[in-house]
Amino acid sequence: MYFFLSNLSVQDIIYVTAILPKLIDITLTGDNRISYTGCITQMFLFLFCATVEFFLLTFMAYDRYVAICIPMRYCIIIKKSLCVSLAAVSWLIAAPYSMMYCWLVSKLIFCGDQKINHFFCEVKSLLEISCSNTKHIRILINVIGLLFGALPFVLILTSYACIISSVLKISSTERKFKVFSSCFSHITVVVLYCGTSISLYFKPDTPNSQEKDKLLSLVYVAITPLLNPLVYSLRNKDITNASKRIFNLCFSGRPLP
């Protein structure tokens, strides 16, 4: 789990670095221009990190499934070599997938008002300002979205269905709570990230859909990377105790003994 978390952290750093600095610059200076190369690069990094995160969250769900449902075989199944291979698959699949979209968008013709109705170079927003026929790209988004988005999400749900089934067989309430608490961090991130991402790309388009898209995008571009280190560190006893001392010092004026 910690190996996958380290990969998730690297992905979050790339994610935030690709989008938020430019957004802050736009907010502070009011200069909302971006070069063509910068836009394509931003789109590549966004798609790259989004795909990697879906795969990593799926593999982390499998790790929890093995640890809870078949704990006696955990060390046999979840070997270091398997973890490295799964992480490598995440990065290696995401790269050509992202490059494919960048290549398709680079072939489009943009004419007239080239104002992107978004706070970063998101694929659907770029398609909206193109004069070319984008039907094939939109179909591709739905097909690959099902493959790299909905399918991993279904696998995550399947893993947790098996986990819940196993936990319900435990007689001790304390042990049930302990098992569920080990999954809470991962479930929180899955709901925030997968829920917003899937709803963004599979919801029907409406006259005000782009405004809703920007709000949903903000959740997984800024809020999820911000919450990831906090959520996953809640079960760390040192961090929990330090948080309690800080909270007590701020609100009661004296540290915990």
Side-chain angles (χ1 to χ4, degrees), residues 1 3-5 7-12 14-15 43 45-69 77-78 82-83 85-98 100-101 122-124 137-168 179-205 209 212-228 231-232:
M1 178 62 80
F3 174 77
F4 290 127
L5 281 176
N7 280 266
L8 194 65
S9 299
V10 172
Q11 176 272 142
D12 279 341
I14 299 173
Y15 218 154
M43 183 179 67
L45 292 174
F46 163 71
L47 292 170
F48 179 69
C49 292
T51 308
V52 169
E53 183 153 3
F54 263 106
F55 280 114
L56 288 177
L57 291 175
T58 305
F59 297 146
M60 290 165 75
Y62 177 69
D63 174 85
R64 291 298 83 203
Y65 161 75
V66 176
I68 294 170
C69 297
I77 298 174
I78 308 297
L82 177 65
C83 294
S85 299
L86 292 176
V89 165
S90 302
W91 296 96
L92 292 175
I93 290 179
Y97 161 72
S98 307
M100 176 193 67
Y101 273 114
E122 195 265 340
V123 181
K124 290 176 67 177
I137 301 180
R138 294 179 187 276
I139 293 173
L140 193 62
I141 288 175
N142 290 329
V143 172
I144 297 185
L146 286 171
L147 184 62
F148 290 166
L151 180 59
F153 187 58
V154 169
L155 293 175
I156 292 172
L157 293 179
T158 303
S159 297
Y160 276 106
C162 295
I163 289 172
I164 292 171
S165 177
S166 297
V167 171
L168 291 177
V179 173
F180 276 127
S181 65
S182 68
C183 303
F184 174 77
S185 302
H186 184 254
I187 293 174
T188 303
V189 174
V190 166
V191 170
L192 279 174
Y193 184 77
C194 295
T196 53
S197 301
I198 292 174
S199 62
L200 174 63
Y201 284 97
F202 288 100
K203 69 177 180 61
D205 290 331
S209 61
K212 295 177 181 178
D213 289 351
K214 285 189 281 188
L215 183 60
L216 288 172
S217 297
L218 190 63
V219 173
Y220 63 79
V221 166
I223 297 177
T224 303
L226 176 67
L227 290 179
N228 273 348
V231 170
Y232 282 113

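Just the heavy atoms: all of them, side chains too, but no hydrogens, waters or symmetry mates, feed the values below. All values reported here derive from a predicted model rather than from experimental measurement.
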Residue pair [X] / [Y], side-chain heavy-atom distance below 4.5 Å:
X    : Y    : value
N7   : S90  : no
L86  : F4   : yes
Y62  : I156 : no
D63  : H186 : no
Y101 : I141 : yes
I163 : C69  : yes
V52  : L56  : yes

- Message: Set out, in order, the CA-CA distance, both residues' side-chain angles and the distance that settles side chain to side chain contact (heavy atoms under 4.5 Å, CB included) for W91 and Q11, then state yes or no.
- Response: CA-CA 9 Å; W91 296 96; Q11 176 272 142; 3.9 Å; yes
Donor-acceptor pair, side chain of [X] and main chain of [Y], under 3.5 angstrom:
X    : Y    : answer
Y97  : L47  : no
T51  : A94  : no
T196 : Y193 : yes
S165 : A161 : no

Roughly how far apart are [X] [atom1] and [Y] [atom2], rounded to 0.5 Å?
X    : Y    : atom1 : atom2 : result
F59  : I78  : CZ    : CD1   : 11.0 Å
S166 : I68  : OG    : CD1   : 8.0 Å
S98  : M43  : OG    : CE    : 9.0 Å
S159 : R64  : OG    : CZ    : 11.5 Å
Y160 : L155 : OH    : CG    : 13.0 Å
L140 : L147 : CG    : CG    : 10.5 Å

- Message: As a quick check of understanding, evaluate side chain to side chain contact (heavy atoms under 4.5 Å, CB included) for V189 and M60, giving each step before the final call.
- Response: CA-CA 11 Å; V189 174; M60 290 165 75; over 6 Å; no
- Message: Show, in sequence, the C-alpha distance, side-chain angles and deciding distance for I93 and F148, and conclude whether the side chain to side chain contact (heavy atoms under 4.5 Å, CB included) test is met.
- Response: CA-CA 10 Å; I93 290 179; F148 290 166; 3.6 Å; yes
- Task: For T58 and F153, run side chain to side chain contact (heavy atoms under 4.5 Å, CB included): C-alpha distance rounded to whole Å, both residues' side-chain angles, the deciding distance at 0.1 Å, then the answer.
- Result: CA-CA 7 Å; T58 305; F153 187 58; over 6 Å; no
